[in-house]
Amino acid sequence: MLELKFVRNNPDIVGRALINRNMGTELIDSLLEYDAAWRECLAEGDNLKHKRNVVTREIAQLKKENKDAASKINEMQGINSRIKEIDDNIRNYKSKINEIMLSIPNIPSETTPVGKDENDNPVVRVVGKPREFTFTPKPHWEIGEELNILDFERGSKIAGQGFTVYKGMGAKLERALINFMLDVHTRQGYLEVFPPVLINEKAMTGTGQLPKFKDDMYLCTDGYYLAPTAEVPVTNLFMDEYVENLPVFLTAYTACFRREAGKHGQDTRGIIRQHQFNKVELVKFVKPETSYEEMEKLTLDAEEILKLLKLPYRVINLCTGDIGFSAAKTYDLEVWVPAQKKYREISSCSNFENFQARRANIRFRTPEGPQFVHTLNGSGLAVGRTVVAILENYQREDGSVEIPEVLRPYMGGAEEIRKV
RNA sequence: GCCCAGGUAGUCUAGUGGUAGGGCGACGGUCUCGAAAACCGUUUCUCCUUUGGGGAUCGCAGGUUCGAAUCCUGCCCUGGGCGCCA
């Protein structure tokens with residue numbers, strides 16, 4: 001959330017941000033109208049309340065002296081109904097204002113390039129070289145089915161389209177990757193946490209998933225949402241708190257759940273886009289002046305996984321038209337997927353500045369008073385997509401798949417996955 | 001799910017209808033060569049306001065009242081007991 005005062009005083013800056021994000025600026029106009037009306041009511045209400053406080057004190061004094069206070073009490077009764085009326089207006093205007101404020105996206109950083117869509121995302125760096133195949137590389141779903149480690153039909157049977165069962169070495173590979181990633185990140189200085197994945201509405205609002213993206217979330221009958229990413233529970237750990245000892249670095253493995261509304265027809269085969277997937281997440285709480293430096297480090301910490309797995313990837317800087325709602329700046333890590341001959345997103349590392357901290361009320365103390373922290377997060381990494389990258393990049397002509405060396409200790413020393 | 005006890009500022013705690021008080025911690029001052037102790041003072045947040053202030057705030061949301069931390073209703077959370085249970 002932006003600061004109301006900031007929007008009021010800088011409608012042009014906010015408007016430009018909306019335009020760069022391919023949005024209209026009508027929101028700001030109605031916001032300013034409600035804001036003016038709200039402040040007018042506030043002024044009148046505050047005056048009346050001041051009067052009430054003064055007279056109430058006089059009444060208390062009169063009663064103490066055993067004098068008659070009936071006339072003053074009468075006077076107050078009239079004022080009170082007016083106060084109630086004004087309070088109703090104030091409440092209405094404020095909730096309208098809040099509604100709009102919650103739906104205004106973050107202002108992109110100056111280092112976020114202005115652009116229309118994903119075609120305008122500049123490549124920051126390319127690491128590793130795609131392998132030259134002496135045969136035609138198969139897509140991961142073929143490899144997975146032939147090795148009997150991915151079962152799409154049974155996933156659909158027990159859940160539905162977009163769910164997959166991992167079996168044997170496939171299940172083990174998924175688990176090995178989770179442990180490997182958490183071990184690397186804890187070594188990098190992140191504290192491992194294992195949070196709930198059922199989340200209440202307040203926390204979902206705190207990180208920016210609600211109210212705008214409700215349709216992308218799974219909602220349980222008793223009001224809980226399934227976490228679409230560990231970002232939600234982990235960032236909200238400090239909701240309504242003062243954070244001591246900044247910076248704080250956390251890493252978490254969770255299952256993630258996304259309805260992928262409006263994404264039908266994309267990546268329908270394989271496990272690139274699933275309704276349930278595993279992800280290891282990195283989250284940082286930092287002081288504002290260090291957040292961009294910390295973002296570079298966080299991105300490198302996520303990249304480390306790809307480097308250790310020897311997977312070719314590149315880093316792109318999302319432009320204003322492609323960046324997420326809450327983010328001021330985002331680097332996407334894209335891993336090479338041989339069968340598609342494309343780089344595909346495997347991690348998204350973002351600086352939210354104080355956008356989430358203001359929503360979730362996460363602050364730290366300074367001699368000048370409380371200040372909002374800056375929050376950052378990034379996938380380190382999406383586990384299912386890492387499986388995709390390993391199966392495809394490490395596949396052999398005979399259909400077996402070599403296991404990357406760093407993973408072997410996590411898989412009982414196995415060096416390959418072969419059909420059994 | 002039921003019963004009981006709780007939720008007051010960074011933290012602990014007092015407060016049963018009339019301006020949220022005290023302890024600790026922290027910070028500032030006096031004193032001192034310096035420090036400790038002692039003493040004095042400051043220490044909720046947020047919003048509005050032309051800088052004088054004002055308004056809200058005692059888990060959250062309503063209600064009663066001239067006036068609510070205090071009374072009423074609903075909800076959330078914590079602890080304890082009972083029930084159920086992987």
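Residue numbers begin at 1 in each chain, while the letters A, B, ... track the order of the sequences. Quick caveat, the model's predicted, so the values are computed rather than measured.
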Inset, instruction - In plain terms, say whether Lys138(A) and Glu146(A) are close enough for a salt bridge, that is, a side-chain N and a carboxylate O under 4.0 Å apart. - result: yes
Inset, instruction - Just grab all the salt bridge (charged side-chain N to carboxylate O under 4.0 Å, His left out) pairs involving residues 36-45 of chain A, residues at least two apart or on different chains. - result: Asp35(A)-Arg39(A), Glu44(A)-Arg82(A)
Inset, instruction - Whole angstrom is fine here: how far is it from CZ in Arg52(A) over to P in rU65(B)? - result: 13 Å
Return the polar atom pairs (N/O with N/O) between nucleotides 46-50 of chain B and the protein under 3.5 Å, or none.
residue: rU46(B); atom: OP1; partner: Arg363(A); partner atom: NH1; Å: 3.1
residue: rC48(B); atom: OP1; partner: Arg8(A); partner atom: NH1; Å: 3.0
residue: rC48(B); atom: OP1; partner: Arg8(A); partner atom: NH2; Å: 2.8
residue: rU49(B); atom: OP1; partner: Arg39(A); partner atom: NH1; Å: 3.0

Inset, instruction - Output every pair passing salt bridge (charged side-chain N to carboxylate O under 4.0 Å, His left out) with a member in residues 226-242 of chain A, not counting sequence neighbours, ordered by first then second residue. - result: Lys202(A)-Asp240(A)
Legend entry - Carboxylate-amine/guanidinium proximity below 4.0 Å for Glu334(A) and Arg344(A): no
Please set out all donor-acceptor pairs under 3.5 angstrom arising from side-chain atoms of residues 208-225 of chain A, sequence neighbours excluded.
residue: Gln209(A); atom: OE1; partner: Thr207(A); partner atom: OG1; Å: 2.6
residue: Tyr218(A); atom: OH; partner: His275(A); partner atom: ND1; Å: 3.3

Legend entry - All pairs passing salt bridge (charged side-chain N to carboxylate O under 4.0 Å, His left out) where residues 373-390 of chain A contributes a residue, at least two apart: none
Legend entry - Nucleotide-level pairing of RNA chain B, given in dot-bracket where Watson-Crick and G-U pairs need both distances under 3.5 Å and | marks other strands: ((((((((.[[[[.)..(..]]]]((((((.......))))))...((....))....[[[[[..)....]]]]])))))))....
Inset, instruction - Pull up the glycosidic torsion of rG34(B) and say syn or anti, syn being anything within 90° of 0. - result: anti
Inset, instruction - Could I get the full list of ring pair (Phe, Tyr, Trp, His ring centres under 6.0 Å) partners for Phe355(A), not counting sequence neighbours? - result: Phe325(A)
Legend entry - Near-strand residues of residues 195-206 of chain A, defined as heavy-atom separation under 4.0 angstrom from RNA chain B: none
Inset, instruction - Provide the full list of side chain to side chain donor-acceptor pair (under 3.5 Å) pairs with a residue in residues 174-184 of chain A, sequence neighbours left out, each pair given once. - result: Tyr166(A)-Glu174(A), Glu174(A)-Asn278(A), Asp183(A)-Tyr410(A)
Legend entry - Ion pair check, Lys279(A) and Glu281(A), cut-off under 4.0 Å: yes
Protein-nucleotides 60-63 of chain B N/O pairs under 3.5 Å:
none

Inset, instruction - Name all residues meeting the ring pair (Phe, Tyr, Trp, His ring centres under 6.0 Å) criterion together with Tyr292(A); count only those two or more places apart in sequence or in a different chain, and write none if there are none. - result: none
What pairs of nitrogen or oxygen atoms, one from the protein and one from nucleotides 15-19 of chain B, lie under 3.5 Å apart?
residue: rG18(B); atom: N2; partner: Thr56(A); partner atom: O; Å: 3.2

